[in-house]
Amino acid sequence: MYKNIIISGLLLLSLQGFAQESYEVLYENLAIENDTVKRLKEMVIQGNLSNSKTNTSKAGIKVMDLPQAVSVISKEELRNQQVATVSDILKNANGVYIMGATGGYQEEIASRGFSLSSNNTFKNGIRYFNGMMLETSGIEKVEFLKGSAAMLYGNVSPGGILNIITKKPRYEFGGEIGFTNASFNTYKPTFDVYGSLNNAKSIGFRFNGAYEKANSFRNNVNSERFYFNPSFEFQLGKNTDLLIETDFTNDSRTPDFGAGIIDYQIVTIPRNGFLGVSWGYYDSKQISNTITLSHSFNSNWNLKFVNGIRFYATDLFSNTRPNSGTNGTVQANGNWNRSIQRTQAKDNYFIQQLDLTGEFKTGKFDHKVLVGADVENFKTQTTVYNSFANYDTINIFEDYNAAAEPIIPTLSKNTLTTAPISRFGLYVQDLISFSEKWKALAGIRYSYQDTESNVYKYADLSNAATVNNDGAFSPKFGIIYQPTKNHTLFATYTNSFELNSGQNESGTSLDPSIVDQFEVGVKNILFKNKLFLNVTLYQIYNDKFYQQSLSNGNTYSYIKVLAGEVTSKGVEIDITATPINGLSIIAGYSFNETKFGASDYYIPGSQLRYNPKNTANLSANYQFKNGRFKNLNIGIINTYFGERYAGRSTRAQVANDSRKLIYLSDFFQSDLTVSYSFNKFTLRSKLSNVFNELNYNVHDDNSLNPIAPRNYSISLNYTF
């Protein structure tokens with residue numbers, strides 16, 4: 001009942017105020033003063049969507065001129081909602097969602113029916129390894145470029161890309177320190193300091209970091225994380241800027257693969273019930289460094305060079321997942337014979353990228369061009385140990401007794417897989433303005449990729465090597481019609497060439513996929529910049545969709561099976577508004593249907609797992625501008641996650657196949673936030689999952705993790 005009252009009230013408010021939050025455009029400008037380029041103070045400009053731009057577009061194209069759906073979450077929104085995880089961030093971007101949380105040590109992102117792997121996630125424009133938990137304290141804003149981004153970024157899946165932008169140097173000394181205490185014995189100190197290193201204020205710096213130690217609502221589960229994000233900016237002249245950013249995260253936590261599935265049926269066990277080994281760990285660390293050199297030749301032409309490196313390493317040592325392996329099936333009476341696994345992985349990544357942007361005229365036509373090139377190199381090494389079978393037997397319906405665990409076994413190495421990848425891309429794009437109303441965006445990219453894989457077996461000292469070379473063009477073409485500067489209608493076609501890493505069950509390299517994507521939409525700025533409304537329809541067709549092979553208890557992610565053709569269709573509605581002074585609202589709705597087409601492996605027309613058909617969000621924040629409650633912020637965040645399926649899709653070629661899908665019900669979740677600023681202090685509090693909803697993240701038919709129950713956080717920050 002209370003849920004319905006809150007939803008109805010917010011919907012009424014949004015309709016009456018032509019709902020939603022004005023898009024707060026954060027921008028940092030450059031001003032020339034005494035031959036020194038200095039960054040002006042950060043400004044918040046309300047209701048200027050027609051002029052806002054995103055970093056992900058690379059070419060400095062205004063949001064209203066971009067024939068593609070875009071979602072930007074500003075610093076104010078992140079701060080007001082007190083985000084702590086990727087899940088919190090995604091509550092503001094409909095159609096982008098968490099599809100799984102395998103082991104409790106990562107948040108697996110998806111959009112438009114397709115997984116957004118580490119190829120699709122970026123931090124400051126370079127690829128970010130998303131197989132570990134993200135620290136949010138250093139985030140300045142988050143951008144989602146939905147749909148195809150292959151022309152700009154090469155080998156990415158069709159759902160879209162996520163770009164996390166960290167805090168940048170500033171030239172006036174200041175900062176903030178804070179401390180957060182939260183449920184499950186969580187505590188987290190943070191710091192953020194910025195200023196200039198010289199009197200001329202031509203060298204700026206920023207140091208921000210955090211430490212977090214926490215238990216969990218799950219018994220025997222804990223975590224510890226260190227984060228440090230230093231950055232420096234050098235103004236080398238009137239028109240030249242050098243930005244150096246380093247980002248370091250070290251995260252260690254207890255793997256938790258859950259339980260509670262017997263013969264593809266979810267059974268009732270305590271929400272806090274932990275069924276892993278208490279000594280298990282997943283250690284992960286990631287460090288990246290980005291050097292960005294920007295130069296303006298004049299007001300129309302700009303050059304940007306990016307040099308980025310990234311290293312990550314992970315070490316997983318724990319029990320295997322329930323229902324995995326030869327003898328690991330959970331029995332009808334709850335007995336589970338556990339085994340032990342260990343996998344280590346590390347990756348060195350390097351990128352160099354050069355972009356030239358410019359504006360010019362040919363006759364009556366205006367052009368905004370982007371010419372770029374990028375080179376990327378990966379070297380990934382994965383060590384898989386021989387599993388230790390029959391470690392012990394427990395019952396999932398009984399309280400777990402960690403004191404009864406056998407000694408920690410010693411595992412021997414099984415295989416070392418080395419997978420170097422080299423990529424090269426050239427791209428050119430032009431936004432042509434034929435008139436004030438008609439524009440076209442056309443671009444094309446050529447990509448070449450060299451993929452190698454060498455599997456070394458420790459048992460017989462043998463090597464199995466494969467090499468795959470591929471090259472292709474990725475075009476993009478969009479038409480834009482703008483009857484006024486506040487209304488945009490667009491239609492876009494893209495074709496991308498997606499390279500598939502790994503091998504099939506016979507050890508042969510995988511064929512590339514051809515992905516066609518069509519997108520049409522409308523963008524509107526209404527009611528004197530108080531409402532931004534975006535509606536997008538899309539269709540994505542992938543001719544070759546690969547999934548990890550599940551045959552014979554396979555645990556290697558690089559061994560895959562051709563699932564067949566896949567088609568994704570959907571519609572997205574995004575709304576932001578500020579109907580009255582101090583009130584901001586964000587809302588959205590997404591419908592998606594992703595199905596198998598022609599397939600020799602799965603039943604044609606069957607739905608892909610993990611993808612909800614319906615998602616929706618509605619949040620509101622109100623700041624009192626004056627009176628006795630001045631500087632008080634109150635907010636509510638509502639999300640709806642529709643029905644979806646986990647388990648294992650039924651195979652078409654297997655008669656009376658034992659594999660089944662697992663139905664997961666829909667759920668609604670609501671969070672409340674309050675903050676109050678006084679003098680230089682800010683007190684913030686958040687109550688998450690107010691109605692204590694119970695639902696699950698499920699991976700295949702084994703890893704079942706309940707979402708967190710009702711919980712709180714309280715933080716106190718001091719600004720100087």
Side-chain angles (χ1 to χ4, degrees), residues 21-22 24-29 38-46 73-84 88 135-142 165-182 186-199 201 203-213 225-233 578 581-584 621-637 671-688 712-720:
E21 146 170 73
S22 89
E24 296 175 323
V25 181
L26 290 174
Y27 84 65
E28 295 174 333
N29 203 357
K38 297 179 180 179
R39 192 177 298 274
L40 293 177
K41 281 189 175 182
E42 210 169 62
M43 301 174 65
V44 178
I45 300 177
Q46 302 286 346
I73 305 170
S74 73
K75 181 179 67 176
E76 278 65 35
E77 291 155 358
L78 296 171
R79 182 178 58 207
N80 288 337
Q81 295 185 7
Q82 304 174 40
V83 300
D88 291 339
E135 171 57 45
T136 60
S137 62
I139 298 178
E140 183 78 15
K141 66 176 177 178
V142 179
I165 299 171
T166 58
K167 296 176 179 178
K168 306 303 179 189
R170 298 175 66 177
Y171 289 86
E172 300 299 325
F173 179 77
E176 185 178 60
I177 57 174
F179 184 84
T180 300
N181 176 260
T186 300
Y187 62 86
K188 179 179 180 178
T190 60
F191 67 90
D192 182 16
V193 183
Y194 47 79
S196 178
L197 294 176
N198 63 344
N199 292 330
K201 294 188 177 181
I203 304 175
F205 74 90
R206 192 161 194 165
F207 300 143
N208 66 81
Y211 170 77
E212 181 179 272
K213 190 172 180 62
R225 179 167 60 223
F226 300 86
Y227 175 73
F228 185 46
N229 173 226
S231 58
F232 301 89
E233 184 177 56
T578 50
N581 186 31
L583 175 63
S584 61
N621 188 85
Y622 184 74
Q623 179 181 6
F624 291 85
K625 298 291 186 179
N626 43 51
R628 71 170 60 181
F629 297 114
K630 183 179 180 181
N631 297 325
L632 175 67
N633 270 277
I634 56 174
I636 186 168
I637 307 160
D671 306 333
L672 297 175
T673 61
V674 178
S675 68
Y676 179 68
S677 298
F678 53 98
N679 297 326
K680 294 185 177 182
F681 292 92
T682 301
L683 181 65
R684 297 186 177 97
S685 180
K686 183 175 184 178
L687 183 64
S688 300
Y712 75 90
S713 68
I714 299 176
S715 64
L716 179 65
N717 291 64
Y718 174 76
T719 303
F720 54 90

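What you see below is based on every heavy atom in this structure, not just the backbone, and it leaves out hydrogens, waters and symmetry mates.
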Can you tell if the side chain of [X] reaches within under 4.5 Å of the side chain of [Y], non-hydrogen atoms only?
X	Y	value
R684	N717	yes
I73	L78	yes
Y227	T190	no

First locate atom [atom1] of [X], then atom [atom2] of [Y], and finally report the distance between them rounded to the nearest 0.5 Å.
X	Y	atom1	atom2	answer
N631	T682	CG	OG1	8.5 Å
R206	R170	CZ	CZ	6.0 Å
I203	S196	CD1	OG	7.0 Å
L583	I634	CG	CD1	9.5 Å
L687	I636	CG	CD1	10.5 Å
Y211	S137	OH	OG	14.0 Å

For this session: Determine yes or no for a side-chain-to-main-chain donor-acceptor pair under 3.5 angstrom, with T136 supplying the side chain and V83 the backbone.
Result: yes
Exercise. Where the side chain of S715 meets the backbone of F179, is there a donor-acceptor pair that is under 3.5 Å apart?
Worked result: no
Problem set entry | Verdict with supporting geometry, Y676 and F678, side chain to side chain contact (heavy atoms under 4.5 Å, CB included) | CA-CA 7 Å; Y676 179 68; F678 53 98; 3.6 Å; yes
How close do [X] and [Y] get, heavy atom to heavy atom, and via which atoms?
X	Y	answer
V193	F205	O-CE1, 3.9 Å
G204	Y171	N-CE2, 3.3 Å
A210	F191	N-CE2, 4.4 Å
D671	S688	OD1-CA, 3.3 Å

Problem set entry | N626, CG atom: more than 12 neighbouring heavy atoms under 6.0 Å | no
For this session: Mind checking side-chain contact (heavy atoms from CB on, under 4.5 Å) for T673 and listing every partner two or more places apart, or none if nothing turns up?
Result: Q82, N621, I637, K686
Problem set entry | Partners passing side-chain contact (heavy atoms from CB on, under 4.5 Å) against Y718 (at least two apart in sequence or in another chain) | I177, K680, F681, F720
For this session: May I have the step-by-step check of side chain to side chain contact (heavy atoms under 4.5 Å, CB included) for E140 and K167, ending in yes or no?
Result: CA-CA 5 Å; E140 183 78 15; K167 296 176 179 178; 3.4 Å; yes
For this session: Start with the C-alpha distance between Y622 and L632, add both sets of side-chain angles, then the distance that settles side chain to side chain contact (heavy atoms under 4.5 Å, CB included), and finish with yes or no.
Result: CA-CA 8 Å; Y622 184 74; L632 175 67; over 6 Å; no
For this session: Evaluate side chain to side chain contact (heavy atoms under 4.5 Å, CB included) for N208 paired with Y194, printing each intermediate quantity in order.
Result: CA-CA 8 Å; N208 66 81; Y194 47 79; over 6 Å; no
Exercise. What residues form a salt bridge (Lys or Arg N to Asp or Glu O under 4.0 Å) with R225, not counting sequence neighbours?
Worked result: E135, E212, D251
For this session: Test ring pair (Phe, Tyr, Trp, His ring centres under 6.0 Å) on F207 and F232 and set out the steps.
Result: CA-CA 9 Å; F207 300 143; F232 301 89; 5.6 Å; yes
For this session: Answer yes when E172 and K201 have at least one side-chain N-carboxylate O distance shorter than 4.0 Å, and no when they do not.
Result: yes
